[in-house]
> 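One structure coming up, written as structure tokens, with questions to follow.
Everything quoted here is computed from the prediction, not taken from an experiment. Each chain gets a letter, A, B and so on, in the order its sequence line appears, and its residues count up from 1.
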There are 2 protein chains.
Amino acid sequence: MTEPWPRPRTEEENPSMPAQRPRGVSIQDVARAAGVSRQTVSNALNAPHKLRPDTLERVTALIEEMGYRPDQSARSLRSGTRRIIAYTTPETDPDNPNALMSGFLEAMVAAAGEAGYRILLVRPRPGQSKARALEDVIAARTADAILLSDVLEDDPCVDYLHETGFPFAVFGRTGPGRPQAWVDVDSAQAMIDMVGLLSSHGHRRVAYLGTSAALPWLRHREAGFRIGARRFGLAGHEAFVDGLDEVVAVARDLLNRSPRPTALVLDDDWLAPGAYAAAQAEGLTVGADLAVTGFNDMPYTRLLQPALTTVRLPLRRIADALVSRLLQSVEEGAPPEAGLLLAGDPVLRPSMTTLA
Amino acid sequence: MTEPWPRPRTEEENPSMPAQRPRGVSIQDVARAAGVSRQTVSNALNAPHKLRPDTLERVTALIEEMGYRPDQSARSLRSGTRRIIAYTTPETDPDNPNALMSGFLEAMVAAAGEAGYRILLVRPRPGQSKARALEDVIAARTADAILLSDVLEDDPCVDYLHETGFPFAVFGRTGPGRPQAWVDVDSAQAMIDMVGLLSSHGHRRVAYLGTSAALPWLRHREAGFRIGARRFGLAGHEAFVDGLDEVVAVARDLLNRSPRPTALVLDDDWLAPGAYAAAQAEGLTVGADLAVTGFNDMPYTRLLQPALTTVRLPLRRIADALVSRLLQSVEEGAPPEAGLLLAGDPVLRPSMTTLA
DNA sequence: CTAGGTCCTGTGAACGTTCATATCATCCGC
DNA sequence: GCGGATGATATGAACGTTCACAGGACCTAG
């Protein structure tokens, strides 16, 4: 069994000692119990090959038995490494949370964990800028590296981090002429592939329903659609919505263009329920008369009737790439020189239709 | 401007010093620059009232100018406090991520942040038990407190943490006779309220579509439905689904019971798309002929056509309560003696119908 | 002018670990 | 049997901070 967390010592046990935070088993305790020195215990954990097998076994057994774990703070203070990656969670509107965050974090925790790192969620305090929060993390030596996501073109944090030389990486590309420490999904290519998929299913007239927000990834998807339509020789209309209320009306409008499109390409899964409703209102059956495709593979896309054909982001591969880049920066001091684009995976589900 | 992250010193700058992790501005540096002692600088940050105004101002200005932040590790080592809450993220199936996690984390980060704490995501390493991972956190003094969620009745972690005396709290209730350091949503009451809402809209025959998984919160919702139906004198059928494939069929079956229900109560939002499809298949219009209600207020419920009436979990209040309980444990050493149930908020959306 | 208080500031120590290096034991070949 | 090499273990120092307490400046009142 393991040593319980030591309670604060009472007055009776040690009258002279003032109330203080309890301390646990220290390396000295283990060393004494094993009849060896501190350093030997330290080596048993950090450089086992330096110990004779019998000593190693004895010390290791005692470490286990006493439940000794090196104090993280002391280890960090001495060695200068924290094994922590700070992630500045984008401030999301509670009414409209970043749907990707959950899956992305999941992947990051797993990827970082396998490398022996943990994720610390950092949020700027009210009234504090993101750059300032990062400055705190760096100056207080809270983490070994910083992870950013949802970065816009003009985000000053990227340049700030680059200037400081602190190891960092970004989920989402940054423009040319700026630091290229990013990993991103090749949204344009994924959209081209999706158009190709529609083409291979016999579609010739496809419509694009997009979101008008000025977010880079949305523009990449739009560009991908255009390129795909041209490359595969498809006729394509486009329309954009600004908010939730417009979706059905704009989608219906798209479906009424002539010649009527046989497929509706959405730039994000969130448009799918509205698109389905529009199809129904027009007397079309998704998956039979009309193909609908989304983007992101949100969990609910499989709940829809019919389930949505969409693009799955390779979150685990993204996380692995980010972690590997971060560790490269930390350990070798050399940030990667180019960004990394990863392909998205089209997921074929019943909302696809095949034309003769 | 702020001091950049110091690069490792080169050989030229300091020939005798071996390659080592760079260090930043220390308290000593600030003290020297200000012509005061370390302690005075420390006090400027930790106990400003102990300084004369002019000294305080001078030192504070210098701290700002030099970009000094106390080294987190050193501070923790000395003071024994880390200002970190460890959260053991439940291992979620990447295909079926815990939909609540995103919103809950968001709320926790905000609530903890306001109290000056950060959230560290901890995951058991492959092959390592959750209890073991927590033991690591405690023994290595990585965090001041631990937060659990998605705890099942027999989860040994709760008892383990209770035994150690380490500060912890749980999102989700634990059974009687076990530690009561939890905060939870009063699912049963929320469901009763939802039935009451239906009753007040004129409904007399309501059907319950539940998930058969043996999760405590689902059973609470089911119980709430039964109590509500009895209390408001409604006739209620119940049916349960095991997986995604069954939803439409089981829902249609429910709608075909006689007398036909006028409302469909779901135990989770994820059933809504299937329920909508079933209604359509039966020739019913949700929001006109049939009311449908969900639970959890997932982001996509507002996308559905019509938007879903559901129960919003008070995530922010839950997070606040959890943080306040954690801090109470940390600071006063006394864990709360009873759990805390918080009410869910019914959210009225167009999937509700009013009967004459 | 001084005693006595009240603040404010400075000094040494300690937190628990790892680094750098010294010391010691062991073993091999001669 | 001994010098030297090799490798294991031990020792002192340092990481940067805060705690406990000592010391000093300043002020007021007698």
> Which residues pass the side chain to side chain contact (heavy atoms under 4.5 Å, CB included) test with B/S149, sequence neighbours left out?
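Residues passing side chain to side chain contact (heavy atoms under 4.5 Å, CB included) with B/S149: B/Y87, B/P90, B/F104, B/F171.
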
> With DNA chain C as reference, determine whether A/A74 or B/L56 sits nearer its 5' end, using the nearest nucleotide of each.
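The residue whose closest nucleotide sits nearer the 5' end is B/L56.
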
> Identify, with sequence neighbours excluded, every residue that meets side chain to side chain contact (heavy atoms under 4.5 Å, CB included) alongside B/N43.
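Once residues adjacent in sequence are excluded, the partners of B/N43 under the side chain to side chain contact (heavy atoms under 4.5 Å, CB included) criterion are B/Q39, B/A47, B/K50, B/L51.
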
> Identify, with sequence neighbours excluded, every residue that meets salt bridge (Lys or Arg N to Asp or Glu O under 4.0 Å) alongside A/D54.
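Once residues adjacent in sequence are excluded, the partners of A/D54 under the salt bridge (Lys or Arg N to Asp or Glu O under 4.0 Å) criterion are A/R52.
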
> Not counting sequence neighbours, which residues clear salt bridge (Lys or Arg N to Asp or Glu O under 4.0 Å) with B/D136? List them please.
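With neighbours one apart ignored, the set is A/R69.
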
> Can you tell me how far P of C/dG10 sits from CD of B/Q28, to the nearest Å?
11 Å

> So, B/T89 and B/R123: side-chain donor and acceptor under 3.5 Å apart, yes or no?
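B/R123 and B/T89 do have a side-chain donor-acceptor pair below 3.5 Å.
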
> Does a distance-only test, which skips hydrogens and angles, find a donor-acceptor pair under 3.5 Å between the side chain of A/R75 and the base of C/dT17?
no

> Table please: side-chain donor-acceptor pairs of residues 25-34 of chain A below 3.5 Å, with sequence neighbours left out.
{"unit_1": "A/S26", "atom_1": "OG", "unit_2": "A/Q28", "atom_2": "N", "d": "3.1"}
{"unit_1": "A/S26", "atom_1": "OG", "unit_2": "A/D29", "atom_2": "N", "d": "3.4"}
{"unit_1": "A/D29", "atom_1": "OD2", "unit_2": "A/S26", "atom_2": "N", "d": "2.9"}

> B/E114: which residues meet the salt bridge (Lys or Arg N to Asp or Glu O under 4.0 Å) condition with it, sequence neighbours left out?
B/R316

> Not counting sequence neighbours, which residues clear side chain to side chain contact (heavy atoms under 4.5 Å, CB included) with A/T60? List them please.
A/L56

> Test of understanding: with side chain to side chain contact (heavy atoms under 4.5 Å, CB included), list the residues that count as partners of B/A115, not counting sequence neighbours.
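Expected list: B/Y117, B/V323, B/L327.
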
> If we fit an axis to the first five pairs and another to the last five of the helix from C/dC1-D/dG30 to C/dC30-D/dG1, what angle do they make, to the nearest 10°?
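End-to-end axis angle for the helix from C/dC1-D/dG30 to C/dC30-D/dG1: 50°, rounded to 10°.
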
> So if I take residues 38-45 of chain A and measure heavy-atom distances to DNA chain C, which residues fall below 4.0 Å?
A/R38, A/Q39, A/S42

> Separation of B/R78 atom CZ from D/dT18 atom P, in whole Å?
10 Å

> Among all residues two or more places apart in sequence or in another chain, which pass the salt bridge (Lys or Arg N to Asp or Glu O under 4.0 Å) test with B/R317?
B/D345

> Please write out each protein N/O paired with an N/O of nucleotides 5-7 of chain D under 3.5 Å, distance rounded to 0.1 Å.
none

